[in-house]
Amino acid sequence: MNISRKVLTLDEYTIQQVRQIPNATGELSALLRDIGLAAKRVNVEVNKAGLVDILGDVGSVNVQGEDVKKLDVFANDQFTGVLQHGVSCAGIASEELDNYVPFDDSESKKSKYVCLFDPLDGSANIDVNVSIGTIFGVYRRVSAKGSIATKEDFLQKGTQQVAAGYIVYGSSTMLVYGTRRGVNGFTLDPSIGEFSLSHPDIKCPPAGKMYSVNHGNFFQYDKKVQSYINICQKKDKSTGGPYTQRYIGSMVADVHRNLIKGGIFMYPGTLDKPKGKLRLLYECNPFAFIVTVAGGKATNGIQRILDIQPTELHQRTPLFIGSKNMMEELEAELAK
Ligand code: AHG
Ligand code: MN
Ligand code: MN
């Protein structure tokens, strides 16, 4: 029997990483394992969504004023649950919850990290069988270990993230996470129920060809943003031809595609909503961290997303994120 195999599972990979870092305690790899477990549970429910009565509104409206689907609640409970029962997380904040949740049991209070997440991103796409996802960012707490986590632990700049990642529940299910050392992607192998390293050391191609934006809002955007979108459409053969427009409406799926293939994703402010729609802490910071580590860029049009000092848990920000050259093209337009 040949038992040799080359593909590392998520757990094997994270444990190997710990061994390469002097003084590492393994708490981060334990946290990533907990997230992988919740992701597998959510994946099972996402796959059943068309079969069982799990669709539809739960009847409530979330703190963002949006309808809550049953799967949002399920995903929120799964991620909160595994992190509370694990040994690495002192508290969480979630797009679905009004306030942050410090874990007050003695094990959790001793933990080093806090985790912020959007448990189900693109939830409007559940009903129509289109990819959805989960997004998370991990920070070292600033409050003392042993005490209860505080709001300051959650209101840190994105640059302070120790790790960030996302899960895309798509034609296959993938978990992608980054630390300052690099970004790696793991595909769920359903035959063994394990995330296996499929995309080692992901780099965002500097020159992409795809732009992702909600065109329906075009006349709501700032003139400079409109003029960049026109540039994307007007490129001729000498400048690489017009860019291709792709917009799924699940940020996880859109940014994942652009990270792998090269591209730019934009959710600008609009006349009605100058800060746009996306949440700094749960959506923008984790992706800004991942894309930056992978060689791309992320801004709000004025400053780097990762440098914004958050003042409230649910604050929103315009977002422009993607391949380095395309981002520089955009920044040149915005600077005019
Ligand atoms: P969520 O389902 O967590 O509320 O997030 C949906 C977000 C994001 O994934 C997507 O890119 C964006 O909303 C789409 O918004 P529009 O329909 O306004 O373009
Ligand atoms: Mn979202
Ligand atoms: Mn969501």
Side-chain angles (χ1 to χ4, degrees), residues 38-39 42 45-46 49 54-58 60-80 92-98 115-137 164-170 176 210-221 225 229 245-259 263-288 290-291 298 300 305 313-322:
V42 172
E45 294 308 308
V46 167
I54 200 146
L55 296 177
D57 300 346
V58 94
S60 57
V61 168
N62 76 7
V63 290
Q64 317 290 343
E66 300 151 339
D67 289 338
V68 175
K69 305 279 182 180
K70 285 179 186 173
L71 267 176
D72 294 83
V73 178
F74 178 84
N76 186 60
D77 292 350
Q78 289 305 321
F79 282 96
T80 306
I92 58 103
S94 162
E95 183 198 271
E96 292 297 331
L97 302 173
D98 278 322
C115 187
L116 290 80
F117 53 83
D118 176 358
L120 212 60
D121 175 71
S123 43
N125 279 327
I126 298 168
D127 302 14
V128 288
N129 215 347
V130 169
S131 297
I132 50 180
T134 298
I135 312 167
F136 63 91
Y166 61 87
I167 298 112
V168 55
Y169 311 98
V176 176
M210 283 186 224
Y211 74 103
S212 313
V213 69
N214 185 336
H215 260 289
N217 290 337
F218 184 84
F219 294 106
Q220 296 270 320
Y221 297 145
V225 174
I229 295 172
Q245 203 271 352
R246 290 278 183 273
Y247 191 71
I248 294 171
S250 285
M251 178 194 187
V252 169
D254 277 313
V255 182
H256 173 68
R257 182 202 52 241
N258 292 359
L259 173 67
I264 188 168
F265 173 92
M266 298 175 270
Y267 204 111
T270 58
L271 292 174
D272 289 351
K273 295 179 180 157
K275 291 190 168 170
K277 174 182 186 185
L278 300 174
R279 278 66 83 172
L280 173 64
L281 296 182
Y282 315 114
E283 294 166 317
C284 302
N285 268 341
F287 271 116
I290 294 164
V291 168
N300 64 359
I305 291 288
L313 286 172
H314 294 291
Q315 86 188 57
R316 297 174 195 257
T317 175
L319 174 68
F320 304 89
I321 186 167

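Ligands are counted one by one from 1 in listed order, and the atoms in each one are counted from 1 as well. If you read the sequence from its start, that first residue is 1, and numbering goes on from there.
- Under a 4.0 angstrom heavy-atom cut-off, Phe265 registers as being in contact with ligand 1.
- Judged by distance alone, the side chains of Ser94 and Asn76 do bring a donor and an acceptor atom under 3.5 Å apart.
- The contact set between ligand 1 and Arg279, taken as ligand atoms under 4.0 Å from a residue heavy atom, comprises 1 (P), 3 (O), 4 (O).
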Verdict with supporting geometry, Phe219 and Leu271, side chain to side chain contact (heavy atoms under 4.5 Å, CB included):
CA-CA 9 Å; Phe219 294 106; Leu271 292 174; over 6 Å; no
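- Looking at every heavy atom in both residues, Pro286 comes nearest to Phe136 through CB-O, 3.4 Å.
- Phe265 and Tyr247 have parallel rings, their planes meeting at less than 30° on a 0 to 90° scale where 60° marks the start of perpendicular.
- A 4.5 Å side-chain heavy-atom check between Gln245 and Val213 finds at least one atom pair inside the cut-off.
- Val255 has its side chain out of reach of Ile290: every pair of non-hydrogen atoms, C-beta onward, lies at least 4.5 Å apart.
- For Gly122, a nitrogen or oxygen atom sits less than 3.5 Å from a nitrogen or oxygen atom of ligand 1, counting backbone and side chain alike.
- Counting only protein N, O or S atoms, 3 lie closer than 2.8 Å to the Mn ion (ligand 2).
- Looking at Ser250 against ligand 1, only its backbone comes within 4.0 Å, counting heavy atoms.
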Yes or no on side-chain hydrogen bond (donor to acceptor under 3.5 Å, both in side chains) for Asp72 and Ser123, after CA distance, side-chain angles and deciding distance?
CA-CA 7 Å; Asp72 294 83; Ser123 43; 3.3 Å; yes
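- Considering backbone and side-chain N/O atoms, Met251 comes within less than 3.5 Å of an N/O atom of ligand 1.
- Close approach to Asp118 involves these atoms of ligand 1, each under 4.0 Å from a residue heavy atom: 3 (O).
- Distance CE/Met266 to CG/Asp254: 11.0 Å, rounded to 0.5 Å.
- A pairwise comparison of heavy atoms in Ile305 and Pro318 identifies CD1-O, 3.7 Å as the closest pair.
- Backbone and side-chain nitrogen or oxygen atoms of Asn214 are examined, and one is located within less than 3.5 angstrom of a nitrogen or oxygen of ligand 1.
- No side-chain heavy atom of Tyr169 sits less than 4.5 Å from a side-chain heavy atom of Leu71.
- Here's the thing with Asn217: none of its N/O atoms is less than 3.5 angstrom from an N/O atom of ligand 1.
- Those atoms of ligand 1 that come under 4.0 Å of a heavy atom in Glu283, given as number and element, are 3 (O), 5 (O).
- Taking distance alone, with nitrogen or oxygen atoms compared against 3.5 Å, Tyr247 approaches ligand 1 more closely than that limit.
- Residue Leu120 has at least one heavy-atom neighbour below 4.0 Å for each of these atoms of ligand 1: 2 (O), 3 (O).
- Atoms of ligand 1 lying under 4.0 Å from any heavy atom of Glu95, numbered from 1 in the order shown and given with element: 3 (O).
- In this structure, the side chains of Gln220 and Lys273 stay at 4.5 Å or more apart for every pair of heavy atoms.
- The aromatic rings of His215 and Tyr211 stand perpendicular to each other, their planes meeting at an angle above 60°, with 30° marking the opposite boundary.
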